[in-house]
Every structure is written in structure tokens, then in C-alpha cells.
Amino acid sequence: GIQVEQSPPDLILQEGANSTLRCNFSDSVNNLQWFHQNPWGQLINLFYIPSGTKQNGRLSATTVATERYSLLYISSSQTTDSGVYFCAVGGLDSSYKLIFGSGTRLLVRP
Amino acid sequence: GAVVSQHPSRVICKSGTSVKIECRSLDFQATTMFWYRQFPKQSLMLMATSNEGSKATYEQGVEKDKFLINHASLTLSTLTVTSAHPEDSSFYICSARPTLDTEAFFGQGTRLTVV
């Protein structure tokens with residue numbers, strides 16, 4: 001099955017810093033989403049981005065499907081950005097299931 | 001975005017009993033829903049695909065007799081953990097999407113503790 005790798009596994013930032021999270025996947029995809037998991041476990045949808053670039057406030061994401069990677073940019077980080085960021089992809093097998101990467105654990109210090 | 005609601009959010013049960021978790025799509029119909037499991041500090045692992053009106057499809061290594069899935073309507077899927085044991089303690093979370101080519105939304109999750 002499709003493999004999803006995220007890097008870095010852990011990231012510590014000072015408030016106000018910028019960061020880039022990476023997601024590599026092993027096969028062609030028809031779905032790619034970025035999520036933020038809050039301390040209560042809720043998955044917050046950040047981006048649905050199987051290809052191209054999107055921006056939402058301080059966050060933006062880019063997926064280069066032909067090269068099988070996606071990037072999540074966080075600018076001017078805030079303490080509330082802390083948590084785990086997951087990338088999840090859906091393959092072309094028409095099952096529509098999402099396979100998750102191992103996540104990036106982000107801590108933003110004041 | 002679309003809303004997926006999961007209930008209960010937290011449950012504690014005794015070893016050997018069964019627990020039912022509900023997943024509802026509140027503002028759309030979902031012929032397919034997905035159940036995931038997450039252990040502490042780990043990623044989400046897909047357990048099964050719930051199909052309305054037909055049998056669920058389980059991922060390799062998931063015991064279908066322990067994790068019973070019923071998708072009786074276009075807005076409701078249930079996961080029953082049968083004869084629960086402490087090792088079944090985990091965070092269970094469901095997912096659905098309005099159409100199969102749009103983003104997936106997740107329920108709030110259910111934290112199961114078996115004592």
C-alpha cells in the first residue's frame with residue numbers, strides 16, 4: 001500500500017518563527033489533506049490539496065503531485081499552533097480511504 | 001465544512017463487556033464511513049471501511065469479530081467493541097465525506113478505557 005512519511009517528527013519553535021513541514025508519499029494520489037490535532041484529539045481540517053497551492057491566513061500548503069510531496073508552511077507561529085500536524089493521502093485505488101503519516105509534533109514556546 | 005458527530009466522547013467499561021460507538025454525518029449523507037484507531041503519541045491507523053447496506057471491509061490484522069461495524073443508514077455507522085479487554089483501550093475516531101472526491105471530515109473521537 002501507499003506509504004506516507006512526514007518530517008520532521010518533532011519541532012520546537014519560538015513564537016513568531018516560521019516553519020515548513022514536509023509530507024512525502026510513495027505513489028500517485030487523488031486526495032491529500034493536512035490536519036491539526038488539538039490536545040483533545042479533534043482533527044481540524046487545514047487543507048484539502050491533492051495538487052497546487054492554497055493559503056489560509058498564516059498557513060499555506062503546496063502539493064507537487066508529480067514529485068510526490070506536499071509542504072505545509074506556518075508563518076509567524078503562535079502558541080496555539082502547538083499540537084500534532086498530520087498529512088493523509090488517498091491512493092488511486094478508488095477505495096477513498098485516507099492513509100496517515102506519522103505526524104509532526106510542534107511546540108511553539110512563548 | 002461538513003459535520004461528523006461521534007458519541008460518546010469518553011467511555012470507561014469493564015473488561016469483558018461490549019461498547020458501542022456511534023458516528024453520524026449531520027448535514028450530508030455518507031454511503032461510506034471510515035473507522036480509525038489511535039494509540040497515545042502515535043498516528044491514526046485505519047481499521048475498517050463501513051459501507052451502507054453491505055458488509056464492512058476490514059484492514060489486515062483487524063479482528064472483524066471483535067470490532068463489529070454496522071452502517072444501517074446513510075447518516076449512521078456504529079462500531080461495537082465486543083468483549084473488551086484493557087489492550088482495546090485507545091482513541092477511536094470516525095470519518096466521512098460528502099462526496100468521494102472531496103475532503104474527509106472527522107468526528108470528535110471516542111476515548112475508550114477498559115478496566
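So you know, we letter chains A, B, ... as the sequences are listed, proteins then strands, and number each from 1. Side chains included, hydrogens not; waters and symmetry mates left out as well; all remaining heavy atoms used.
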*Where does B:Thr102 contact chain A at under 4.5 Å (heavy atoms): side chain, backbone, both or neither?*
backbone

Neighbourhood of chain A inside [range], taking heavy atoms under 4.5 Å as contact:
| range | value |
| --- | --- |
| residues 108-115 of chain B | B:Gln108, B:Arg111 |
| residues 74-92 of chain B | B:Phe91 |
| residues 39-64 of chain B | B:Lys41, B:Gln42, B:Ser43, B:Leu44, B:Leu46, B:Glu59 |

Within one Ile-Leu-Val-Met-Phe-Trp-Tyr cluster: [X] and [Y], side-chain cutoff 4.5 Å:
| X | Y | answer |
| --- | --- | --- |
| A:Trp34 | A:Val89 | yes |
| A:Leu72 | A:Phe25 | yes |
| A:Val108 | A:Leu59 | yes |
| A:Tyr73 | A:Tyr69 | yes |
| B:Ile21 | B:Phe67 | yes |

_Atom CD of A:Gln78: over 12 foreign heavy atoms under 6.0 Å_ = yes

*Starting from the C-alpha separation in whole Å, work towards a yes-or-no answer on ring pair (Phe, Tyr, Trp, His ring centres under 6.0 Å) for A:Phe35 and B:Phe106.*
CA-CA 10 Å; A:Phe35 299 92; B:Phe106 284 76; 5.2 Å; yes

*Quick one: are the ring centres of A:Phe100 and B:Tyr36 less than 6.0 Å apart?*
yes

*Sort out for me which of A:Ile99, A:Asn31, A:Val84, A:Leu32 touches chain B most, counting heavy-atom pairs under 4.5 Å.*
A:Asn31

*A:Gln33 side chain to B:Ala104 backbone, donor-acceptor under 3.5 Å*: yes

*Listed by residue number, which members of residues 36-58 of chain A have a heavy atom under 4.5 Å from any heavy atom of chain B?*
A:Gln37, A:Trp40, A:Gly41, A:Gln42, A:Leu43, A:Asn45, A:Tyr48

